[in-house]
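Proteins come first, then strands; the chains are lettered A, B, ... in the order of their sequence lines, and each starts at number 1.
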Protein chains: 2
Amino acid sequence: MTRTHASNLPDQTEAVLRDFAVQSEGKTDYANCPVRDVLDRGGEKWTLLILVALAEEPKRFSALQRDVGDISKRMLTQTLRTLERDGLVERTVYPTKPPSVDYRLTALGRSALNPLASLIGWAAESHDEIRAARAEYDEREVVGAW
Amino acid sequence: MTRTHASNLPDQTEAVLRDFAVQSEGKTDYANCPVRDVLDRGGEKWTLLILVALAEEPKRFSALQRDVGDISKRMLTQTLRTLERDGLVERTVYPTKPPSVDYRLTALGRSALNPLASLIGWAAESHDEIRAARAEYDEREVVGAW
DNA sequence: AGGTATGGTCTCTTTCAGATACCTACTGAT
DNA sequence: ATCAGTAGGTATCTGAAAGAGACCATACCT
């Protein structure tokens with residue numbers, strides 16, 4: 001496997017990408033691709049926001065819904081179930097009346113915060129540049145249509 | 001803003017999460033949330049795979065389709081357009097007959113590889129643990145249903 | 001009696017991803 | 001000369017999934 005053409009990348013990044021490429025090589029066996037298996041869930045959109053919301057402290061269902069903002073109960077329940085099933089989040093029911101439930105990150109869930117923060121950091125840094133690129137692209141396309 | 005309860009996190013991770021939390025605080029104005037603006041695209045699933053495929057070298061449309069595996073032309077076109085619009089990928093048409101087109105990462109696109117590699121690395125490391133958690137969860141649920 | 005809060009589930013509608021067929025223009029093999 | 005194949009897509013259709021909103025049982029407060 002050759003070095004990427006983007007040779008200003010850190011060696012560690014290179015290595016991860018290389019491994020991933022090798023593993024994907026010519027396979028149709030995507031069921032065993034860890035990356036796809038882990039990240040392919042439709043819930044991705046809310047997953048990130050929920051994990052970040054829980055990073056600060058354990059939260060109850062309704063607190064989560066407030067913090068995430070515009071998520072519906074249905075999607076919140078569904079995403080939390082997936083996260084619980086994947087072992088990233090722990091659900092605890094307290095036998096009060098009415099019962100209260102809280103959600104907290106497991107050790108595995110906490111370990112996900114590092115890569116997620118890395119992604120969030122990149123998005124925040126790049127946001128202006130991306131918006132500029134979009135504006136330019138749209139300009140070109142609109143002009144091109146005339 | 002208090003420290004997260006997961007205090008074994010690197011300071012940098014803490015800082016990014018804290019900023020994100022502060023920024024999201026009580027807002028309904030999600031149009032200006034960089035993270036959501038950048039990551040909310042449905043294309044996320046294919047986006048990652050395409051960026052990784054292009055990390056190695058610029059590729060033509062059909063080469064990309066082969067490398068990514070089971071993506072349809074429609075989704076490939078669509079995802080590439082989004083990436084082009086966002087300034088992560090550059091599309092070049094060569095006036096051959098028939099015309100050939102290649103796609104390559106821009107500097108901005110290359111800068112995304114670091115956080116993506118971090119995410120891929122985490123997914124690869126955690127895959128076994130996640131699968132184990134799923135198996136256990138499913139076991140419990142099936143038993144619980146009886 | 002009416003309103004609040006808890007943590008959801010159920011149903012309905014709209015949106016979107018994915019599969020398939022098709023297109024123009026060219027090249028090479030039969 | 002013609003049939004197949006390549007290249008880079010677009011147009012159309014359908015099944016799955018996301019989102020909106022009503023509903024539920026229970027208990028507290030007024």
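- Note: CE (A:Met75) to P (D:dA17) measures 10 Å, nearest angstrom.
- The stretch residues 76-90 of chain A participates, sequence neighbours left out, in these salt bridge (Lys or Arg N to Asp or Glu O under 4.0 Å) pairs: A:Arg41-A:Asp86, A:Arg85-B:Asp138, A:Asp86-B:Arg134.
- Both A:Ile71 and A:Lys97 lie close to DNA chain D; mapped to their nearest nucleotides by heavy-atom distance, the more 5′-ward contact belongs to A:Ile71.
- Note: CG (B:Leu76) to C1' (D:dG9) measures 10 Å, nearest angstrom.
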Between the protein and nucleotides 12-16 of chain D, list the N/O to N/O atom pairs that are separated by less than 3.5 angstrom.
| residue | atom | partner | partner atom | Å |
| --- | --- | --- | --- | --- |
| D:dT12 | O4 | B:Arg74 | NE | 3.3 |

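- When the C1' atom of C:dG18 is taken as reference, atom CD of B:Gln65 falls 12 Å away, rounded to whole Å.
- Residues that satisfy the side-chain hydrogen bond (donor to acceptor under 3.5 Å, both in side chains) test with B:Thr13, not counting sequence neighbours, are A:Asn114.
- For B:Val101, the side-chain contact (heavy atoms from CB on, under 4.5 Å) test picks out B:Arg91, B:Val93, B:Tyr103, with sequence neighbours left out.
- For B:Arg60, there are no salt bridge (Lys or Arg N to Asp or Glu O under 4.0 Å) partners at least two apart in sequence or on another chain.
- In this structure, B:Phe61 and B:Asp102 have side chains that are not in contact, with every pair of non-hydrogen atoms separated by 4.5 Å or more.
- Using a 4.0 Å cut-off, no side-chain N or O of A:Trp46 falls inside it from OP1 or OP2 of D:dA18.
- Every residue two or more places apart in sequence or in another chain that forms a side-chain hydrogen bond (donor to acceptor under 3.5 Å, both in side chains) with B:Ser126 is listed here: B:Trp122.
- Spacing between atom CD of B:Gln78 and atom P of C:dA19 amounts to 13 Å, rounded to whole angstrom units.
- For A:Ser118, the side-chain hydrogen bond (donor to acceptor under 3.5 Å, both in side chains) test picks out no residue, with sequence neighbours left out.
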Dump the pairs, protein N or O against N or O of nucleotides 1-8 of chain C, anything under 3.5 Å, distances to one decimal.
| residue | atom | partner | partner atom | Å |
| --- | --- | --- | --- | --- |
| C:dT6 | O3' | A:Arg60 | NH2 | 3.2 |
| C:dG7 | OP1 | A:Arg60 | NE | 3.3 |
| C:dG7 | OP1 | A:Val101 | N | 3.2 |
| C:dG7 | OP1 | A:Val101 | O | 3.3 |
| C:dG7 | OP2 | A:Ser62 | N | 3.4 |
| C:dG7 | OP2 | A:Ser62 | OG | 2.8 |
| C:dG8 | OP1 | A:Arg81 | NH2 | 3.3 |
| C:dG8 | OP1 | A:Arg91 | NH2 | 2.4 |
| C:dG8 | OP2 | A:Tyr103 | OH | 2.7 |
| C:dG8 | N7 | A:Lys73 | NZ | 3.2 |
| C:dG8 | O6 | A:Lys73 | NZ | 2.7 |

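- In this structure, the side-chain contact (heavy atoms from CB on, under 4.5 Å) partners of A:Glu136, at least two apart in sequence or on a different chain, are A:Arg140.
- One can place CG of A:Asp70 at 10 Å from C1' of D:dG19, the figure rounded to the nearest angstrom.
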